A.B. asks: 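Below you will find the structure I want to go over with you.
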Number of protein chains: 2
Amino acid sequence: MPEISHAIGIGELARRTGCQPETVRYYERIELLENTLRTEGGQRRYDERAVRRLTFIRHARDFGFSVDAVRELLAMSDQPDMSCQEVDAVAKHHLEEVESRLQRLSALRDELRRMVSQCDGGKVESCRIIEVLSDHQLCISETAHKGAHDFG
Amino acid sequence: MPEISHAIGIGELARRTGCQPETVRYYERIELLENTLRTEGGQRRYDERAVRRLTFIRHARDFGFSVDAVRELLAMSDQPDMSCQEVDAVAKHHLEEVESRLQRLSALRDELRRMVSQCDGGKVESCRIIEVLSDHQLCISETAHKGAHDFG
DNA sequence: CTTGAACCTGTAGTTGCTACAGGGATTATG
DNA sequence: CATAATCCCTGTAGCAACTACAGGTTCAAG
């Protein structure tokens, strides 16, 4: 057993950052985390710096930042003397995206509510939900067909 | 040229339903659309029924229903005499999901707004955005780490 | 008959992980 | 020291719902 003091295994790193070992290995593979020390037997060992970095990553992901955005944020956070304008820009851009998704999602909710409320529990033949979905005149698809699964 | 009257090609079907030929072929592959007639040369030809079915599918997708949900809805809409209780259940379930996503997304927006508003444009060193992301005490990850990318 | 647009199949890429299979390493216990 | 339990390794494949080719064929118009 090589002398790597204060070093933890991938399992504890994962536990302490609220993710899974597979995710850590995945982050290493896509170079979001750098290669770390290994024991003689080839097992990964991490220090506190790694814990902090992964914590940052997980928080940013929880905030909905894409992996690419996280990469940028990490690069910036490594340059303490830089102006944080760019950080701000990344965050604002993300906020805008979230706001636009929110708008579309809430429009969708309204449509769904209307649809559901008009169903009278009769037969499929005359079901308002089926009708709405079949309707050729519906306009939602025109505004949304470019990013349908971007709602959710 | 075989006699297939009133038949359209995959391109026009796609155009009329607001999607792409690749998507139509994809739907056929996953058996959301059934195999259709082919010309002698092997090209697909569609009729009005196919247009209606694909319209239905696209609308349901635009409403955010999963492909599996669409499959169910399609099966139901093929049984006009059935009670539409099940249709209603699928739609309501989906509405609930949308509403819960909305809630999480708007909580996220609030967090992001707060974060962005606290950035004073100074240096990265003291950037509030970076600080928030680095913070070990943050609780959002506890509520969200199970479904982070389920926000959007 | 020739041209050009539309179409074909099959495969791989996208995003961000997650889930194995089939092994090896480490650690705790007897 | 032996063994068992637990951890860890690599590599690959899967998820959702498409999208994007490459490399070739067919169709419809002139």
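Every chain is numbered from 1, with letters handed out A, B, ... down the list of sequences. In this text, all values refer to a predicted model and were calculated from it rather than measured experimentally.
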A.B. asks: Is the distance from OP1 or OP2 of C:dC17 to the nearest side-chain N or O of A:Gln20 less than 4.0 Å?
C.D. replies: no
A.B. asks: What is the distance, rounded to the nearest whole Å, between atom CZ of A:Phe65 and atom P of C:dT15?
C.D. replies: 17 Å
A.B. asks: So which protein N/O to nucleotides 9-12 of chain C N/O distances come out below 3.5 Å?
C.D. replies:
| from | atom 1 | to | atom 2 | distance (Å) |
| --- | --- | --- | --- | --- |
| C:dT9 | OP1 | B:Arg38 | NH1 | 3.2 |
| C:dT9 | OP1 | B:Arg38 | NH2 | 3.2 |
| C:dT9 | OP2 | B:Arg44 | NH1 | 3.0 |
| C:dT9 | OP2 | B:Arg44 | NH2 | 2.8 |

A.B. asks: Rounded to whole Å, how long is the line connecting atom CG of B:Leu54 with atom P of D:dC18?
C.D. replies: 10 Å
A.B. asks: Take the protein atom CZ of A:Phe63 and the nucleotide atom P of C:dG16, then report the distance between them rounded to whole Å.
C.D. replies: 17 Å
A.B. asks: Verify, without hydrogens or angle tests, whether A:Thr36 (side chain) and A:Arg45 (backbone) share a donor-acceptor contact under 3.5 angstrom.
C.D. replies: yes
A.B. asks: Are any of A:Arg58's side-chain N or O atoms less than 4.0 Å away from OP1 or OP2 of C:dC17?
C.D. replies: yes
A.B. asks: If we only count heavy atoms from C-beta on, is the A:Gln79 to B:Val124 side-chain gap below 4.5 Å?
C.D. replies: no
A.B. asks: Show the nearest heavy-atom pair for residues B:Arg44 and B:Glu28, with the distance to one decimal.
C.D. replies: NE-OE1, 2.8 Å
A.B. asks: Can any side-chain N or O of A:Thr17 pair as donor or acceptor with the backbone N or O of A:Leu54 at less than 3.5 Å?
C.D. replies: no
A.B. asks: With a 4.0 Å cut-off, would you call B:Arg71 and B:Glu31 a salt bridge?
C.D. replies: no
A.B. asks: Report yes if at least one side-chain N or O of A:Tyr27 is closer than 4.0 Å to OP1 or OP2 of C:dC17; otherwise report no.
C.D. replies: yes
A.B. asks: Treating A:Arg61 as the side-chain partner and A:Phe65 as the backbone partner, does any N or O pair qualify as donor plus acceptor under 3.5 Å?
C.D. replies: yes
A.B. asks: For C:dG16, take OP1 and OP2 only and decide whether either is under 4.0 Å from a side-chain N or O of A:Thr23.
C.D. replies: no
A.B. asks: Rounded to whole angstrom units, what separation is found between the CD1 atom of A:Ile10 and the C1' atom of C:dC17?
C.D. replies: 14 Å
A.B. asks: When the distance from CD1 of B:Ile30 to C1' of D:dA16 is rounded to whole Å, what number comes out?
C.D. replies: 9 Å
A.B. asks: In this structure, how many angstroms lie between the C1' atom of D:dA17 and the CG atom of B:Leu33, rounded?
C.D. replies: 14 Å
A.B. asks: Counting only N and O atoms by type, is there a donor-acceptor contact under 3.5 Å from the side chain of B:Asp88 to the main-chain atoms of B:Ala91?
C.D. replies: no
A.B. asks: C:dT26, OP1 or OP2 - any side-chain N/O from A:Thr39 closer than 4.0 Å?
C.D. replies: yes
A.B. asks: Judged by each residue's nearest nucleotide on DNA chain C, which is more toward the 5′ side, A:Val67 or B:Ile8?
C.D. replies: B:Ile8
A.B. asks: Would you mind reading off the distance between B:Tyr46 atom OH and C:dC8 atom P, rounded to a whole angstrom?
C.D. replies: 7 Å
A.B. asks: Go nucleotide by nucleotide along DNA chain D from the 5' end; which of B:Tyr26 and A:Gly9 gets its closest nucleotide reached first?
C.D. replies: A:Gly9
A.B. asks: Between atom CG in B:Asp62 and atom P in D:dC18, what is the gap in whole Å?
C.D. replies: 9 Å
